[in-house]
Amino acid sequence: SILNGKSTGLLRVVRLITMEKMIKNVVTNGENNAGGIIMDFDNMIEEFGTYIAELKNFKSYLQSDSSVISTKLLGGIRTEHIIESIEYNIANNGYTSKSIASKYAIAIAQFYRYANQQNWFTNNDLLNHINMYRLDEDSYYYQIGNYIRNNLKLSSKEPKVACNNNEINDLITTIEEYFDKYSSTKEKLSFSKICGMLAIKLIILTGAKYSVIRKLKYYDLNIKINTLKINGYTIRLPINLSNQFQIYDEIRQSTLDKPSDFLFCSQNGDQWKGTSPNSNIVDFLSVVILRQDTTGITKFGISNLLKAGISIAEIEKLTEAKSDIIRGCMSSDIESEENKMNKYINMRLSSIDYFYKL
């Protein structure tokens, strides 16, 4: 059945119909310079149903090289071509910011995954690099992230939106993969990388701003009872995060050149600088989710605190975020305290004996 991942006859028919919509004409290498099967890319975009503008810009790039879009052309795309296409978009489609370029690169990755699932065409090389461990220097995300981060044509000065669930899941998964990869050989773990990863996890958990995280003291962490003190609050750490802090503590003892009062610090014991996020955080974010700001993670954390029913005043104290930032993190499904009280009062009033007699 479809639910257990096995194709049914109906599903195969649907896919054949879909393919007929995508295919314009079958040609041979000798009959057309493109080779393979000519595809209707507009129908592909419509079928995919998201990232419409980004995929239209990708189509524009493809057509700058070939008059027709074929399975051979799509199957020959590599990471370096996506980087080249971003350059093309900067020159021809008004790409001026890192976030726009990042969204475009994510769109291409998602599109190729979807196309593979639909059997539209084959490009195992690009898919392998897209699905590769993101901190691997050969991975799609690592190469794209480095390119965008270092591209001076792209501005980073723009409003920072909250990270979405997919981005947060990608961050957590990549951190887990890093710890798992070196769990048996802790001496290969990078102290600076672990600092950045654990700081990111704390921001996700608490919604605290980077300026709060960099001020945390080493004695604020109690790995024996799995707690961390932040701005007067004693936070109980999730077991997995606590275990990772224990590994961090072991690495810290053997790595620091001198003792440090700060929980997160450089190898020489100095406190992280406060003007902008530590480079280890920026490097990690730029590769894993193609972003360089911690604001998106902070806003994600704050939105979860709001959903948990924590008051704005308490969130202000914990995170040091301003009230307007916190209110901006309220989603439509988060009820205000006033609405909650109104519901409570009305529910109680309706239980009075004479309510329905009045």
Side-chain angles (χ1 to χ4, degrees), residues 5 79 105-106 109-110 112-113 116 124-146 149 163-206 208 210 213 216 218 221-228 235-256 263-267 272 277-292 294 296-297 300-301 304:
T79 303
I106 292 169
Q110 296 297 334
Y112 266 84
R113 286 194 179 112
N116 181 66
N124 291 330
D125 187 281
L126 183 60
L127 270 177
N128 288 339
H129 284 82
I130 288 172
N131 295 325
M132 194 178 287
Y133 176 54
R134 297 193 183 189
L135 297 186
D136 190 314
E137 293 184 7
D138 291 329
S139 77
Y140 174 88
Y141 281 90
Y142 191 96
Q143 293 181 62
I144 296 287
N146 275 337
R149 182 173 71 247
C163 286
N164 57 44
N165 289 331
N166 288 335
E167 289 173 320
I168 296 299
N169 287 334
D170 286 340
L171 288 172
I172 294 172
T173 298
T174 306
I175 293 172
E176 298 312 304
E177 287 177 347
Y178 183 79
F179 275 93
D180 291 344
K181 187 175 182 180
Y182 297 109
S183 58
S184 59
T185 53
K186 292 178 184 176
E187 65 275 6
K188 292 185 179 180
L189 288 168
S190 164
F191 172 75
S192 57
K193 284 183 179 178
I194 292 179
C195 276
M197 291 177 187
L198 294 182
I200 288 169
K201 274 199 165 187
L202 282 183
I203 297 174
I204 294 172
L205 175 66
T206 66
Y210 169 75
I213 298 299
L216 292 174
Y218 180 59
L221 175 68
N222 189 329
I223 56 177
K224 291 182 179 179
I225 58 173
N226 304 334
T227 61
L228 180 69
I235 305 297
R236 187 164 297 282
L237 300 174
I239 294 299
N240 187 52
L241 180 54
S242 180
N243 291 337
Q244 289 171 347
F245 264 114
Q246 290 182 34
I247 294 172
Y248 164 74
D249 194 49
E250 293 176 29
I251 304 298
R252 176 188 173 102
Q253 302 304 327
S254 60
T255 300
L256 291 187
L263 180 60
F264 298 118
C265 58
S266 60
Q267 189 169 328
W272 280 351
N278 178 265
S279 61
N280 293 298
I281 294 178
V282 173
D283 290 347
F284 186 80
L285 294 177
S286 66
V287 167
V288 179
I289 59 172
L290 305 184
R291 292 181 62 155
Q292 298 181 54
T294 57
I297 318 172
F300 178 88
N304 281 328

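Any value given below was found using the heavy atoms of this structure, including those in side chains, with hydrogens, waters and symmetry copies removed. Treat the numbers as computed from the prediction; the structure is a model and nothing was measured.
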Colleague: Residues two or more places apart in sequence or in another chain: which of them pass salt bridge (charged side-chain N to carboxylate O under 4.0 Å, His left out) with Glu176?
Modeller: Lys201
Colleague: Which atoms form the tightest heavy-atom contact between Ile144 and Ala105, and what is the distance?
Modeller: CG2-CB, 3.6 Å
Colleague: Measure the spacing between CD1 of Ile223 and CD of Gln244 and express it to the nearest 0.5 Å.
Modeller: 13.0 Å
Colleague: Taking all non-hydrogen atoms of both residues, which atom of Leu171 and which atom of Phe284 are closest, and how far apart?
Modeller: CD2-CE2, 3.7 Å
Colleague: Apply side chain to side chain contact (heavy atoms under 4.5 Å, CB included) to Lys193 and list each qualifying residue two or more places apart in sequence or on a separate chain.
Modeller: Tyr178, Ser190, Met197
Colleague: Sequence neighbours excluded, which residues qualify as side-chain hydrogen bond (donor to acceptor under 3.5 Å, both in side chains) partners of Asn166?
Modeller: none
Colleague: Can you sort out the partners of Arg252 under salt bridge (charged side-chain N to carboxylate O under 4.0 Å, His left out), two or more places apart, ordered by chain and number?
Modeller: none
Colleague: So, does Tyr142 use its side chain to make a donor-acceptor pair with the main chain of Met132 at under 3.5 Å?
Modeller: no
Colleague: Who passes side chain to side chain contact (heavy atoms under 4.5 Å, CB included) against Gln267, sequence neighbours left out?
Modeller: Thr255, Asp257
Colleague: Please name the pair of heavy atoms, one in Cys163 and one in Ile297, separated by the smallest distance, quoted to 0.1 Å.
Modeller: SG-N, 3.7 Å
Colleague: Suppose we screen for ring pair (Phe, Tyr, Trp, His ring centres under 6.0 Å). Which residues come up paired with Phe191, at least two apart in sequence or across chains?
Modeller: Tyr248
Colleague: When you measure from the side chain of Gln292 to the backbone of Leu285, do you find a donor-acceptor pair of N or O atoms at a distance under 3.5 Å?
Modeller: no
Colleague: In a check of side-chain contact (heavy atoms from CB on, under 4.5 Å) between Leu228 and each of Leu241, Leu205, Leu221, which one passes?
Modeller: Leu221
Colleague: Got Phe245 and Leu263 here, is their nearest side-chain heavy-atom distance under 4.5 Å?
Modeller: yes
Colleague: Quick one: closest heavy-atom pair of Phe179 and Ile247, and the distance?
Modeller: CD2-CD1, 4.0 Å
Colleague: Within a strict 4.5 Å, meaning less than it, do heavy atoms of the Pro277 and Thr294 side chains meet?
Modeller: yes
Colleague: In Å and rounded to the nearest 0.5 Å, what is the CD1 to OG1 distance from Ile168 to Thr173?
Modeller: 11.0 Å
Colleague: By side-chain hydrogen bond (donor to acceptor under 3.5 Å, both in side chains), which residues pair with Ser266, not counting sequence neighbours?
Modeller: Asn268
Colleague: Any chance you could measure Asp180, atom CG, to Glu177, atom CD, to the nearest 0.5 Å?
Modeller: 8.0 Å
Colleague: How long is the gap from NE2 on His129 to OG1 on Thr79, to the nearest 0.5 Å?
Modeller: 5.5 Å
Colleague: Any side-chain donor-acceptor pair under 3.5 Å between Arg149 and Asn146?
Modeller: yes
Colleague: Suppose the criterion is salt bridge (Lys or Arg N to Asp or Glu O under 4.0 Å): which pairs have a residue in residues 239-248, not counting sequence neighbours?
Modeller: none
Colleague: Report the residues that fulfil side chain to side chain contact (heavy atoms under 4.5 Å, CB included) with Ala199, sequence neighbours left out, ordered by chain and then residue number.
Modeller: Ile213, Phe264, Trp272, Ile281
Colleague: Can you list everything that forms a ring pair (Phe, Tyr, Trp, His ring centres under 6.0 Å) with Tyr112? Sequence neighbours excluded, please.
Modeller: Phe121
Colleague: If we only count heavy atoms from C-beta on, is the Ile200 to Ile204 side-chain gap below 4.5 Å?
Modeller: yes
Colleague: Name all pairs fulfilling the salt bridge (Lys or Arg N to Asp or Glu O under 4.0 Å) condition that reach into residues 163-174, sequence neighbours left out, sorted by first residue then second.
Modeller: Arg134-Asp170, Glu167-Arg291
Colleague: Quick check: do Phe300 and Asn164 have side-chain heavy atoms less than 4.5 Å from each other?
Modeller: no
Colleague: Please give me the minimum heavy-atom distance between Gly196 and Asn280, naming the atom from each residue.
Modeller: CA-CB, 4.3 Å
Colleague: Shortest non-hydrogen contact from Ile130 to Ala109?
Modeller: CD1-CA, 3.7 Å
Colleague: Quick one: CG on Asn128 to OH on Tyr140, what's the gap to the nearest 0.5 Å?
Modeller: 14.0 Å
Colleague: Considering residues at least two apart in sequence or located in another chain, which fulfil the salt bridge (charged side-chain N to carboxylate O under 4.0 Å, His left out) criterion with Asp249?
Modeller: none
Colleague: Are the side chains of Thr174 and Tyr133 in contact, using a 4.5 Å heavy-atom criterion?
Modeller: yes
Colleague: Less than 4.5 Å apart, any side-chain heavy atom of Leu237 and any of Leu202?
Modeller: yes
